[in-house]
Amino acid sequence: MLTISGKNFHNRLILGTGKYKNFATMQACYEAAGVDMITLAVRRFDLNTTGEDNILNWIPKNIALLPNTAGCYTREEALRVARLAREALDTPWIKLEVIADPKSLYPDNEETLKASEELVKEGFIVLPYVNADPIMAKKLADVGCSAVMPLASAIGSGLGVQNPYVLLLIKEVCDAAKVPMIVDAGVGTASDAALAMELGADAVLLNTAVAEAHDPIKMAQAMDHAVKAGRLAFEAGRMPKRLYASASSPLTGVVGKN
């Protein structure tokens, strides 16, 4: 069970809401993956829409909503959107994004840290999306963030985990601070999600890999299985890597051997 800020989640996979061909497909993917938390870009939905045009009506009531500040390029903008989300959606939870560059969509770590500090003081449960940096991860944990969300690679790139060794360092920081490490962005297929979990991620957040798959529903199922398998492998502890072969069966007692 995944615990964030005292709230328990049965599934360690978190999906998004963008890029699906329609809301019905999006909803079917949630059901196929069995997720119990999804993230929603506050700036990308219209609070005034009703009925089937309102995305909120397609999100099952048993799924927790994690609003995010996607599309914000300044700290002030992100703070304003976070406050709007709390009022509109009646939740203190926020996935904080402050983007630095419109081409790479890499986050501005420094501005994210400053915004996180302000939002924590205002009572938000802050989950910041940042570049993979163990020093920044410690600073975010120190100011009271409820999780740290380092990218695996650029948003929507599908390049998978580009620097596994940095994620291992961030995992150490998060474990010491007793906050989850949620790998966010860059996952392209199930093996990417499994690797992130095998490295110790407490959860994986992804969207494009499912929404842009040829069969999104099957990919949602695949991601669910991958996250579970990766977590089991991490908990089991993998065998050591060796330069030379090591026989699977012992040589003692073999017929013909003294």
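You'll find the side chain of Leu65 stays beyond 4.5 Å of the side chain of Thr91, heavy atoms only. Looking at heavy atoms from C-beta onward, Met197 lies in side-chain contact with Val204 at the 4.5 angstrom threshold. Side-chain contact between Pro107 and Val98 is absent, with no heavy atoms from C-beta onward closer than 4.5 Å. Counting heavy atoms from C-beta on, the side chains of Thr74 and Glu111 never come closer than 4.5 Å.
The main-chain N or O of Tyr73 is found under 3.5 Å from a side-chain atom of Glu77 such that the two form a donor-acceptor pair. Distance alone, capped at 3.5 Å, is enough to place a donor-acceptor pair between the Arg12 side chain and the Met1 backbone. Of the possible polar contacts, none joining the Asn131 side chain to the Tyr106 backbone as a donor-acceptor pair under 3.5 Å is found. The main-chain N or O of Lys19 is never found under 3.5 Å from a side-chain atom of Asn207 such that the two would form a donor-acceptor pair. With Ser146 contributing its side chain and Leu127 its backbone, the two residues share no donor-acceptor pair below 3.5 Å. A donor-acceptor distance shorter than 3.5 angstrom exists from the side chain of Thr69 to the backbone of Glu97, with no hydrogens or angles considered.
Between Trp58 and Phe23, the angle of the ring planes lies from 30° to 60°, which puts this pair in the tilted group.
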Show the numbers, then the answer: is there a side chain to side chain contact (heavy atoms under 4.5 Å, CB included) between Leu113 and Met136? CA-CA 8 Å; Leu113 176 61; Met136 183 56 62; 3.9 Å; yes

Can Ile55 and Met26 be said to form a side chain to side chain contact (heavy atoms under 4.5 Å, CB included), step by step? CA-CA 10 Å; Ile55 191 172; Met26 179 192 74; 3.9 Å; yes

Carefully, step by step, assess Ile4 and Trp93 under the rule side chain to side chain contact (heavy atoms under 4.5 Å, CB included). CA-CA 10 Å; Ile4 306 173; Trp93 287 64; 3.7 Å; yes

Verdict with reasoning, Leu205 to Tyr129, per side chain to side chain contact (heavy atoms under 4.5 Å, CB included): CA-CA 10 Å; Leu205 190 153; Tyr129 164 68; over 6 Å; no

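Hydrophobic clustering of Ile, Leu, Val, Met, Phe, Trp and Tyr side chains at less than 4.5 Å, counting indirect connections, unites Met149 with Met37. No chain of hydrophobic side-chain contacts below 4.5 Å, direct or via other Ile, Leu, Val, Met, Phe, Trp or Tyr residues, connects Leu140 to Val173. In the hydrophobic clustering of this structure, Val81 does not group with Leu119; members are Ile, Leu, Val, Met, Phe, Trp, Tyr whose side-chain heavy atoms approach within less than 4.5 Å, directly or through other members. At a threshold of 4.5 Å between side-chain heavy atoms, the hydrophobic network of Ile, Leu, Val, Met, Phe, Trp and Tyr places Ile59 and Tyr20 in one connected group. At a threshold of 4.5 Å between side-chain heavy atoms, the hydrophobic network of Ile, Leu, Val, Met, Phe, Trp and Tyr places Phe9 and Leu15 in two separate groups.
Summarising the local packing, NZ of Lys171 is surrounded by more than 12 heavy atoms from other residues, nucleotides or ligands at distances under 6.0 Å. For Asp90, the CG atom is loosely surrounded, since the number of other residues' heavy atoms within 6.0 Å does not exceed 12. In Lys7, the NZ atom is not crowded: 12 or fewer heavy atoms of neighbouring residues, nucleotides or ligands sit closer than 6.0 Å.
Annotation for Leu13 and Ala220: closest pair CD2-O, 4.3 Å, computed over non-hydrogen atoms. In terms of heavy atoms, Ile38 sits closest to Ile14 at CA-CG2, 4.1 Å. Here the closest heavy-atom approach between residue Val130 and residue Val148 is recorded as CG2-CG1, 4.1 Å. Nearest heavy-atom pair across Cys145 and Val120 is N-CG2, 4.2 Å. Between Leu89 and Pro67, the shortest heavy-atom contact is CD1-CG, 3.7 Å. Pro102 and Leu105 make their closest contact through O-CD2, 3.6 Å (heavy atoms, listed as atom of the first residue, atom of the second, distance).
Under 4.0 Å is where a charged nitrogen must lie from a carboxylate oxygen, and between Arg231 and Glu235 at least one such pair does. Using a 4.0 Å cut-off between charged nitrogen and carboxylate oxygen, Lys121 and Glu118 do not count as a salt-bridge pair.
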Return a table of donor-acceptor pairs under 3.5 angstrom between the side chains of residues 176-195 and protein atoms on other chains or two or more places apart.
residue: Asp184; atom: OD2; partner: Lys95; partner atom: NZ; Å: 2.8
residue: Asp192; atom: OD2; partner: Gly188; partner atom: N; Å: 2.8
residue: Asp192; atom: OD2; partner: Thr189; partner atom: N; Å: 3.2

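Annotation: side chain to side chain contact (heavy atoms under 4.5 Å, CB included) contacts of Met239 (sequence neighbours excluded): Arg242.
The line from CG of Asp36 to CD1 of Ile63 is 7.5 Å long, rounded to the nearest 0.5 Å.
Alongside Tyr244, the hydrophobic cluster contains Leu243 (criterion: ILVMFWY side chains under 4.5 Å).
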